[in-house]
Amino acid sequence: MKFGGTSLGKPHRMQEVADLVTADSEIKIVVLSALSGTTNALAEISKLLSLNERNAAKQMIDALEVHYQDFILALLSDPKLLIKGKAALAEHFEFLYIILKISFSEALQKDILAQGELLSTKLFSLCLASKNIEHKLLPALEFMTLDNQDEPQVGTIKVKLSQLMQKNRETKIFLTQGYITRNARGEIDNLKRGGSDYSASLIAAAMNASVCEIWTDIDGMHNNDPRVVKKTRPVEQLSFDEAAELAYFGAKILHPSSIWPAQLFNVPVRILNTMAPGAKGTLISKEAGSVGVKAVAAKDNITAIRIKSSRMLLAYGFLRKVFEVFEKYKTSIDMITTSEVAVSVTIDSDTYIKDIIRDLEILGSVEIDTNQTIVSIVGNEITETKEIMRKLFESLMAIPVRMVSYGGSRHNISLLIPSSYKEESLQLLNEGLFDL
Ligand code: ASP
Ligand code: MG
């Protein structure tokens with residue numbers, strides 16, 4: 001069971017999470033992220049330190065400490081546990097005040113970012129103790145590791161975590177931190193922002209869990225982006241492939257990397273709502289459940305690049321040369337469309353855009369469109385269903401679509417549009433494809 005920041009962000013919410021983890025007597029591993037807002041604050045503190053703005057950083061640490069002090073006062077009424085809570089805060093905030101005095105480095109930044117999960121698990125452990133709930137806190141830094149390619153290894157996690165669990169045979173509830181891990185050099189590292197979902201799925205895969213429950217603040221993945229369109233509904237069932245497309249192309253509910261471990265080890269993932277624990281949520285498993293379109297999602301900050309060359313005509317090897325440029329600059333391509341004399345690709349990171357353009361210009365003329373959005377239509381066997389294309393194009397008649405990618409997978413049709421048309425497009429698709 002993984003609980004996100006909003007599920008833990010208020011003392012009464014944390015109490016509710018305690019009820020959820022004790023709702024049945026199955027053995028479980030509870031993975032927690034930091035309380036909502038904490039990782040953002042820690043990231044901001046590291047940024048200020050990297051800019052040597054120590055006063056501003058100190059003010060932020062002060063504010064965070066006050067927030068946590070209020071939090072434990074409301075969470076823990078037993079004076080003995082309150083003393084323990086205060087000691088936990090003292091330890092972590094002391095660390096933050098010490099780093100104010102030392103010089104900033106990337107490794108230090110990772111240490112700072114780790115404080116959120118270290119704190120949330122300690123506080124939740126005290127919350128369980130206040131209810132006399134037996135449990136054991138297993139430090140993620142003792143079993144989560146990255147290899148020298150910065151990739152987590154399910155096999156290693158399995159060996160180390162099994163050993164730790166074996167030492168506590170009587171225990172039914174294990175707690176651990178999401179997001180944080182050690183890297184190949186043994187330093188504290190993390191699985192990137194939003195990575196607690198990934199931790200949960202890696203742990204579930206390693207331990208061959210019967211299910212990986214992701215408890216969040218919405219009742220599952222929705223058919224459209226609830227932040228953009230008014231009416232959306234949860235999707236009951238998705239295959240791993242569909243969920244991967246959705247998570248990657250914009251649905252912010254699940255970290256995209258968290259799909260592969262669950263898929264590889266065939267552990268079903270359930271997305272559930274802490275605020276409405278009885279709601280069905282979304283089940284992600286091997287089976288798609290039904291045929292047709294299930295959801296649309298949008299991904300912003302996309303750059304489209306068109307490379308045009310008469311040399312592409314009847315030539316072979318041209319695409320390889322184009323792709324090599326992106327490989328050289330470690331930039332991944334999301335969408336591709338081609339004609340006989342031109343190829344368009346999209347990228348979501350423009351870190352190396354200048355170098356990429358310079359190298360591509362050797363191959364032909366290059367045009368760039370920034371501020372683009374990929375709208376993805378995701379479902380099961382959608383490219384086999386005629387009606388869907390008609391509805392799709394009819395819905396988007398008034399939208400200047402820049403690229404269409406169809407047939408690359410049976411689960412996805414992607415369209416590239418200028419970001420200024422995103423809201424309108426998602427609304428039109430909501431009506432045209434879902435009658436909402
Ligand atoms: N606390 C981390 C973050 O905010 C990890 C997570 O919440 O999944 O990114
Ligand atoms: Mg998250």
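Both counts, for ligands and for their atoms, begin at 1 and track the order of listing.
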*Asks:* So does Glu26 have more than 12 non-hydrogen atoms from other groups sitting under 6.0 Å from CD?
*Replies:*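 Atom CD in Glu26 is not packed in, count stays at 12 or less.
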*Asks:* Answer yes or no for Lys192 and Tyr198: cation-pi contact, defined as NZ/CZ to six-membered ring centre under 6.0 Å and angle to ring axis within 45°.
*Replies:*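 Relative to the ring axis of Tyr198, which defines the angle, Lys192 lies outside at least one limit.
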*Asks:* Under a 4.0 Å threshold between the charged nitrogen and the carboxylate oxygen, would Asp350 count as salt-bridged to Lys354?
*Replies:*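 No, Lys354 and Asp350 are not salt-bridged.
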*Asks:* Do Asp111 and Ile99 have side-chain heavy atoms sitting under 4.5 Å apart?
*Replies:*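 Answer no - side chains too far apart.
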*Asks:* Which N or O atoms of ligand 1 sit under 3.5 Å from a protein N or O, and how far apart is each pair?
*Replies:*
| residue | atom | partner | partner atom | Å |
| --- | --- | --- | --- | --- |
| ligand 1 | 1 (N) | Thr39 | OG1 | 2.7 |
| ligand 1 | 1 (N) | Glu117 | OE2 | 2.6 |
| ligand 1 | 4 (O) | Thr39 | OG1 | 3.3 |
| ligand 1 | 4 (O) | Arg193 | NH2 | 2.9 |
| ligand 1 | 8 (O) | Gly194 | O | 3.4 |
| ligand 1 | 8 (O) | Gly195 | N | 3.4 |
| ligand 1 | 8 (O) | Ser196 | N | 3.0 |
| ligand 1 | 8 (O) | Ser196 | OG | 3.0 |
| ligand 1 | 9 (O) | Arg193 | NE | 2.6 |
| ligand 1 | 9 (O) | Arg193 | NH2 | 3.4 |
| ligand 1 | 9 (O) | Gly194 | N | 2.7 |

*Asks:* With rounding to the nearest 0.5 angstrom, report the CD1 to OG1 distance, Ile27 to Thr171.
*Replies:*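 Between atom CD1 of Ile27 and atom OG1 of Thr171 there are 9.0 Å.
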*Asks:* Any salt bridge linking Arg410 with Glu384? Criterion: basic side-chain nitrogen under 4.0 Å from a carboxylate oxygen.
*Replies:*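 Salt bridge present between Arg410 and Glu384.
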